[in-house]
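These notes are about the structure you will find just below.
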Number of protein chains: 2
Amino acid sequence: MSFLSEKECEGPIKCPVMTTLSVIGGKWKPGILWELQNNEILRFGQLKKRLGTITQKMLTQQLRELETDGIIIRKIYPEVPPRVEYRLSDYGKSLSPVLNEMANWGTGHLQTITSK
Amino acid sequence: MSFLSEKECEGPIKCPVMTTLSVIGGKWKPGILWELQNNEILRFGQLKKRLGTITQKMLTQQLRELETDGIIIRKIYPEVPPRVEYRLSDYGKSLSPVLNEMANWGTGHLQTITSK
DNA sequence: CAGTATCCGAGTGGATACTG
DNA sequence: CAGTATCCACTCGGATACTG
C-alpha cells in the first residue's frame with residue numbers, strides 16, 4: 001500500500017487504526033479477505049471471478065502482500081496445469097472481528113446512502 | 001477516495017467492507033477520526049498539530065470528505081481570527097466499534113511485527 | 001487562523017502481451 | 001491455470017504561495 005505505511009503512524013500521537021489499514025487497506029484486499037473468510041479455500045481463478053473486475057496483475061500483487069504480512073497462506077500443487085489455493089492463516093483469521101464490524105457498518109451505510 | 005468507490009463494490013459478490021473503507025480509508029482519515037473520538041472537539045490547528053506531518057491541503061480535503069459523508073460536523077465561528085471546530089456527528093460516532101476493533105488489532109499487530 | 005490555488009513528482013492501477 | 005513483464009494514463013499527495 002502506498003497510502004499508509006507503518007512509519008507514517010508516528011505522529012505526536014500514534015494511531016493504531018492506521019496500522020490495521022496498512023495491512024487490509026489495499027484496493028482489493030477487503031474483497032479478497034471477505035471471500036476467503038466466507039469460502040475457506042479458493043483457487044486463483046475462483047478469487048478472480050468473485051472479485052469481478054480485478055486484473056490478474058492486481059490480484060497477484062495484493063495476494064503477495066497479504067502473504068508477506070502473514071494474513072493468507074498460498075499452497076501450490078505441483079500439477080499441470082498449475083493449481084494454487086489460497087486461504088486465511090490463523091493470524092489472518094484474527095482479523096475477523098475487524099472485518100465483521102466493518103461489514104456491519106458498511107451494510108448499514110449502504111442502505112443509508114441509497115435510501116435518500 | 002480514489003482507491004475505493006461504492007460503485008467498485010459491485011462485483012459478482014458485494015463486499016460491504018469496501019463500503020466502509022470508502023468512507024474511512026483516506027490516508028489521514030483514520031487519524032482524524034481517532035483524534036475526534038478521543039478529544040470530542042478540536043479546532044483545525046489542533047488537529048493539524050496532532051496529526052504531525054499532514055499538510056493543510058490534505059487536512060482540509062479529508063475533513064471536507066468526512067463532512068460530506070456526514071461523519072463529522074464543522075462549526076464555524078464568525079470571529080476574527082476565524083475559528084472552526086470539528087467533532088464527530090452522531091452518525092460518525094456509530095463508527096466507534098469499527099475504529100476500536102481496528103485499533104485493537106493494529107496494536108497487537110504492531111507488537112507482532114516489532115518483536116521479531 | 002483556516003483556509004484556497006497551483007504546480008509537480010511519485011506511485012497506483014489498468015490494458016496488453018507473453019510463459020512454464 | 002496462474003502467473004510475469006511492460007507500457008502508460010491517471011491520481012494522489014507534498015511543497016509552496018497567497019487570502020479573508
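In what follows, chains carry the letters A, B, and so on, assigned in the order in which the sequence lines appear, proteins first and then strands, with residues in each chain numbered from 1. Just the heavy atoms: all of them, side chains too, but no hydrogens, waters or symmetry mates, feed the values below.
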**Study point:** Whole-Å gap separating P (C:dT12) and CH2 (A:Trp28)
**Key:** 16 Å

Review point. Of the nucleotides D:dG13, C:dA2, C:dG13, which has the atom closest to the B:Arg43 side chain?
Key: C:dA2

Practice item. Measure the distance from CD on A:Glu85 to P on D:dA2 and round it to the nearest whole Å. Key: 9 Å

Check your understanding: Nearest of D:dG14, C:dT4, D:dG3 to any side-chain atom of B:Met58?
Key -> D:dG14

Review point. Under the 3.5 Å rule, do the base of D:dG3 and the side chain of A:Lys57 count as making a donor-acceptor pair?
Key: no

**Study point:** Intra- and interstrand pairs of DNA chain C - dot-bracket, Watson-Crick/G-U under 3.5 Å, | marks other strand
**Key:** ||||||||||||||||||||

Review point. Considering only heavy atoms from C-beta outward, does the side chain of B:Ser96 approach that of B:Gln37 to under 4.5 Å?
Key: yes

**Study point:** Whole-Å gap separating P (C:dA2) and CD (B:Glu67)
**Key:** 15 Å

Practice item. Identify which nucleotide among D:dA15, C:dG14, C:dG3 has an atom closest to any side-chain atom of B:Thr55, counting heavy atoms from C-beta outward. Key: D:dA15

Review point. Using a cut-off of 4.0 Å on non-hydrogen atoms, how would the nucleic acid contact of B:Tyr77 be classed: base, sugar-phosphate, or nothing?
Key: nothing

Review point. Does A:Ile54 or A:Pro82 map to a spot on DNA chain C nearer the 5' end, using the closest nucleotide for each?
Key: A:Ile54

Check your understanding: Do B:Trp34 and A:Pro16 have side chains that get closer than 4.5 Å, going by heavy atoms?
Key -> yes

Check your understanding: If you check every side-chain atom of A:Gln62, which of C:dG13, D:dT4, D:dC1 has the closest atom?
Key -> C:dG13

Check your understanding: Atom CD of A:Gln61 and atom P of D:dT4: how far apart are they, to the nearest Å?
Key -> 11 Å

Point to revise | SB check B:Glu85 B:Arg87 (cutoff 4.0 Å) | key: no

Study note, to complete from the structure: When rounded to whole Å, the CZ to P distance for the pair B:Arg50 and C:dA2 reads 14 Å

Practice item. To the nearest Å, give me how far apart CD (B:Gln56) and P (D:dC18) are. Key: 14 Å

Review point. Over how many whole Å does the gap from A:Ile76 atom CD1 to D:dC1 atom P extend?
Key: 17 Å

Practice item. Side-chain contact test, heavy atoms from C-beta onward, threshold under 4.5 Å: evaluate it for B:Val23 versus A:His109 and give yes or no. Key: yes

Point to revise | Contact under 4.0 Å: B:Arg64 side-chain N or O vs C:dT4 OP1/OP2 | key: yes

Check your understanding: Any cation-pi pair here, A:Arg74 with A:Tyr86, using under 6.0 Å and within 45°?
Key -> no

Check your understanding: Counting heavy atoms not belonging to B:Glu79, are there more than 12 under 6.0 Å from its CD?
Key -> yes

Study note, to complete from the structure: Taken in chain and number order and not counting sequence neighbours, the residues that satisfy side-chain hydrogen bond (donor to acceptor under 3.5 Å, both in side chains) with B:Gln46 are none

Check your understanding: Below 4.0 angstrom from OP1 or OP2 of D:dG3, is there any side-chain N or O of A:Arg74?
Key -> yes

Check your understanding: Atom CG of A:Leu59 to atom C1' of C:dG14: distance rounded to whole Å?
Key -> 14 Å

